[in-house]
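Just below is one structure, and these are the notes that go with it.
For this chain, numbers begin at 1 and follow the sequence in order.
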Amino acid sequence: MKKRNLGKSGLTITPIVFGGNVFGWTLDERASFEVLDAFVDLGFNAIDTSNQYSHWVPGNNGGESETIIGNWQHKNRNRDRLVLMTKVGGIFADNPSPNSSYAHIMQQVEASLKRLQTDYIDVYQTHFDDEVTPVEETLRAYEELVKSGKVRFIGASNISAQRLQESLTTSDTLNLARYQTLQPEYNLYSRAKFEQEYKAIAQDNGLAVLPYYSLASGFLTGKYQQASDFSKSPRGEKVKSAYWNERGERIIKALTYLADELKTTPAAVALAWLLAQPAVTAPIASATKLAHLDPFMDALDLELGAEAILLLQEASK
């Protein structure tokens, strides 16, 4: 499987990253192990999680996803073959608001390392920026962690375009650890914010773009073809309120049409569209069943022609 460069880090990853928010939520540990085993057996190597996953589940505190991944990689002794990414700064039981301070980062990295059962994190990311802590303070924490070997590279996710650019400039000026990756929300439905605010910054600075919600919470998989379909899923009504409108219907029709033409699935087409975007390195996607991994492989083999890409661009603009 051909790998892609992760920014200017020197790391290479397979072109789809597994999103670990499902671990400890819709997948228990046993089921998580099965899906992860299948994922790496297919040749993939990149897994993304966060210290806050999955705090929203009753009885959880946050960190459950990291714990499951740590138990899995320890059992399989495959740490050296993985690119593990986790995040800091989000909310969980003991942290009610975003926090990108030096003290918080230095405290939380130790907890993440322990749960992941590793002595280093490949990519440590600012999950949420509190927009109060000076970017230099955040970056100096990361610089210490990189120098100590506990973190190899850093990335950013939910951070304003202004603070992202300020962070990159500060890193260059003060010779501090520099963001190598950007995790924005980006898919066929949610395009405007990334394309208008972040795309140029990412490309100008050589950042690896790793879009989350690549399949729009399952909306782009094609499982919802009409309004009545949303009642069949536990998360259906939430997905319906977010995506089911004239534009959403147009996107689904285009995906379904192309999937039929190309003898594949709407999910594979949606992922292939992201993979065809010059700014994108690898979309983040999750799977709760082994069959959900099939579109990952199909997307890698799917070369969308100019007409197909234009059809999707027009349907989703």
Side-chain angles (χ1 to χ4, degrees), residues 6 13 16-29 32 35-36 39 45-73 79 82-101 103-118 120-131 133 138 141-142 145 150-159 164 179-186 207-215 217 281-288:
L6 200 63
I13 63 168
I16 293 179
V17 178
F18 196 102
N21 64 324
V22 293
F23 303 141
W25 177 24
T26 50
L27 291 179
D28 61 17
E29 182 164 285
S32 299
V35 170
L36 282 169
F39 181 72
N45 72 335
I47 301 168
D48 176 76
T49 185
S50 168
N51 68 337
Q52 77 165 28
Y53 299 159
S54 45
H55 76 93
W56 53 85
V57 178
N60 284 4
N61 294 311
E64 290 79 14
S65 175
E66 289 181 330
T67 297
I68 287 173
I69 293 169
N71 290 341
W72 170 76
Q73 69 86 12
R79 176 68 184 90
L82 303 173
V83 175
L84 286 184
M85 313 177 193
T86 192
K87 299 185 282 291
V88 64
I91 61 172
F92 52 91
D94 300 324
N95 190 66
S97 60
N99 192 337
S100 46
S101 69
H104 184 72
I105 291 170
M106 300 306 281
Q107 175 196 56
Q108 288 300 310
V109 73
E110 299 299 336
S112 288
L113 288 167
K114 184 177 181 179
R115 288 190 291 258
L116 290 166
Q117 299 186 51
T118 183
Y120 69 96
I121 294 164
D122 291 297
V123 186
Y124 200 37
Q125 304 153 100
T126 302
H127 198 173
F128 291 91
D129 177 25
D130 61 23
E131 299 187 346
T133 301
T138 301
Y142 290 142
L145 294 175
K150 293 178 180 179
V151 168
R152 297 182 71 186
F153 302 99
I154 63 170
S157 184
N158 299 290
I159 180 172
L164 175 62
Y179 290 135
Q180 297 293 333
T181 65
L182 174 66
Q183 267 196 42
E185 179 178 1
Y186 187 45
L207 302 183
V209 175
L210 311 171
Y212 68 82
Y213 286 173
S214 296
L215 295 173
S217 300
T281 299
I284 299 170
S286 299
T288 55

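- Side-chain contact check for Tyr53 versus Ile69: every heavy-atom pair is 4.5 Å or farther apart.
- Around the CG atom of Asp94, the shell of radius 6.0 Å holds no more than 12 heavy atoms that belong to other residues, nucleotides or ligands.
- Residue Glu66 forms a side-chain hydrogen bond (donor to acceptor under 3.5 Å, both in side chains) with just one option from Lys114, Arg115, Gln117, Lys87, and that option is Arg115.
- Distance check, rounded to the nearest 0.5 Å: CG of Asn99 to CD of Gln107 gives 9.0 Å.
- In this structure, CG in Asn60 is found 13.0 Å from CZ in Phe92, a value given to the nearest 0.5 Å.
- Contact detail for Val35 and Ala287: the closest heavy-atom pair is CG1-O, 3.8 Å.
- The shortest side-chain heavy-atom distance between Tyr212 and Asn158 falls under the 4.5 Å cut-off.
- Ser214 contributes no side-chain N or O that, together with a main-chain N or O of Ala285, makes up a donor-acceptor pair within less than 3.5 Å.
- By the 30° and 60° cut-offs, the orientation of the rings of Phe18 relative to Phe23 is parallel.
- Note that OG1 of Thr49 and CD of Glu64 are 10.0 Å apart. Values are rounded to the nearest 0.5 Å.
- Pairing each heavy atom of Gly24 with each of Ser54, the nearest pair is O-OG, 2.9 Å.
- Formation of a donor-acceptor pair under 3.5 Å by the Ser65 side chain with backbone atoms of Gly20 is found in this model.
- Residues Val88 and Tyr124 approach most closely at CB-OH, 3.3 Å, considering heavy atoms.
- A donor atom on one side chain and an acceptor atom on the other are not found under 3.5 Å apart for Asp129 and Thr126.
- With contacts defined as side-chain heavy-atom distances shorter than 4.5 Å, the pair Gln180/Leu6 does not qualify.
- With values rounded to the nearest 0.5 angstrom, Leu82 atom CG is found 9.5 Å from Phe39 atom CZ.
- The heavy-atom pair separating Leu207 from Thr181 by the smallest distance is CD2-N, 4.4 Å.
- Considering all non-hydrogen atoms of both residues, Thr133 and Asp130 come closest at OG1-OD2, 2.7 Å.
- A heavy-atom distance below 4.5 Å is found between the side chains of Met106 and Leu145.
- A donor-acceptor contact closer than 3.5 angstrom is absent between the side chains of Thr118 and Gln73.
- Distance CG/Asn71 to OG/Ser32: 10.5 Å, rounded to 0.5 Å.
- Of the charged side-chain nitrogens involved, at least one lies within less than 4.0 Å of a carboxylate oxygen, so that Glu110 and Lys150 count as a salt-bridged pair.
- Using a 4.5 Å cut-off on side-chain heavy atoms (C-beta onward), Arg79 and Asp122 make contact.
- Looking only at atom types and distance, the side chain of Thr86 has no donor-acceptor partner in the side chain of Ser112 under 3.5 Å away.
- Here CG of Leu210 is found 12.0 Å from CD1 of Ile16. Values are rounded to the nearest 0.5 Å.
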Check against side-chain hydrogen bond (donor to acceptor under 3.5 Å, both in side chains), Gln125 and Ser157:
CA-CA 7 Å; Gln125 304 153 100; Ser157 184; over 6 Å; no

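- The two atoms that bring Ser286 and Asn21 nearest to each other are OG-OD1, 3.1 Å, heavy atoms only.
- Between the side chains of Asp48 and Gln183, at least one donor-acceptor pair of N or O atoms lies under 3.5 Å.
- The local environment of CZ in Phe128 is crowded, with over 12 non-hydrogen atoms from other residues, nucleotides or ligands closer than 6.0 Å.
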